[in-house]
Amino acid sequence: MRYWLMKSEPDDVSIDDLAKMPKQSVAWYGVRNYQARNFMRDQMSVGDGVLFYHSGCAIPGIAGIARVASVAYPDATQFNSRSKYFDPKATQETPRWLNVDVQLVKKINLIPLSELRTHPQLERMRILQRGNRLSITPVDPAEWQFIVAQLASA
DNA sequence: GCCAACGTTGGC
DNA sequence: GCCAACGTTGGC
């Protein structure tokens, strides 16, 4: 059992969009970074905890709690020439990009990035480090516990 | 819109 | 294998 923070742009898929999906589950398509892909491929298990993070928006922050709902499988968008995630080097036989399914556990009151920064318990979080761009990052169990028990319930 | 940080590409 | 150039991310 591991814990993750996964970024999504709410203009693309927001926490409310996730809540409206069948089974409140969505394929986490569009990851085109090898390190993030490898986290999904090598380290994620069904049931892992996910902090659903809104980025690239007016108030970035943690918008909900989710869970990993599948193992990694080929990301369909890499094969779609009309998709912005199309990858001409990927084939059905040798896909390059993978995704897991992510399922909503609960929407929470947004925990803004600016608030996360105020908690010394969280100062080592990857998301708070300067220059962080990775869209999927591991979260320490202690950080997960603090966020879910102390911040998400507030 | 700006800009710092980072990953990828491609020439050599 | 190095590294400059370029594109992207993402907070502000």
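Lettering follows sequence order; numbering is per chain, from 1.
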[X] side chain: which of [options] is closest?
X	options	answer
A:Arg130	B:dA4, C:dG11, B:dG7	B:dA4
A:Asn33	C:dC12, B:dA4, B:dG7	B:dG7
A:Tyr34	B:dT8, B:dG7, C:dG11	B:dT8

Open item on the list: To check you understand the geometry: which heavy-atom pair defines the closest contact between A:Tyr85 and A:Arg32, and what is its length?
Closed with: O-NH2, 2.9 Å
Open item on the list: In this structure, is the centre-to-centre distance between the rings of A:Trp28 and A:Phe52 below 6.0 Å?
Closed with: yes
Open item on the list: In this structure, is the centre-to-centre distance between the rings of A:Tyr34 and A:Trp97 below 6.0 Å?
Closed with: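 Yes.
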Task: 4.5 Å side-chain heavy-atom contact, A:Gln35 and A:Leu134 - done: yes
[X] has an atom [atom1]; how far is it from atom [atom2] of [N], in whole Å?
X	N	atom1	atom2	answer
A:Arg117	C:dG10	CZ	C1'	11 Å
A:Leu113	C:dT9	CG	P	18 Å
A:Ile136	B:dG7	CD1	C1'	16 Å
A:Glu9	C:dG10	CD	C1'	8 Å
A:Asp87	C:dT8	CG	P	14 Å
A:Ile59	C:dG10	CD1	P	18 Å
A:Ile127	C:dC12	CD1	P	11 Å
A:Leu128	C:dG10	CG	C1'	14 Å

Open item on the list: If you compare every side-chain N and O of A:Lys7 against the phosphate oxygens of C:dG10 (OP1, OP2), does one of them come in below 4.0 Å?
Closed with: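 Yes, such a contact exists.
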- [ ] Taking only the side-chain nitrogens and oxygens of A:Tyr53, find out if one of them lies under 4.0 Å from OP1 or OP2 of C:dT9.
- [x]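 No, outside the criterion.
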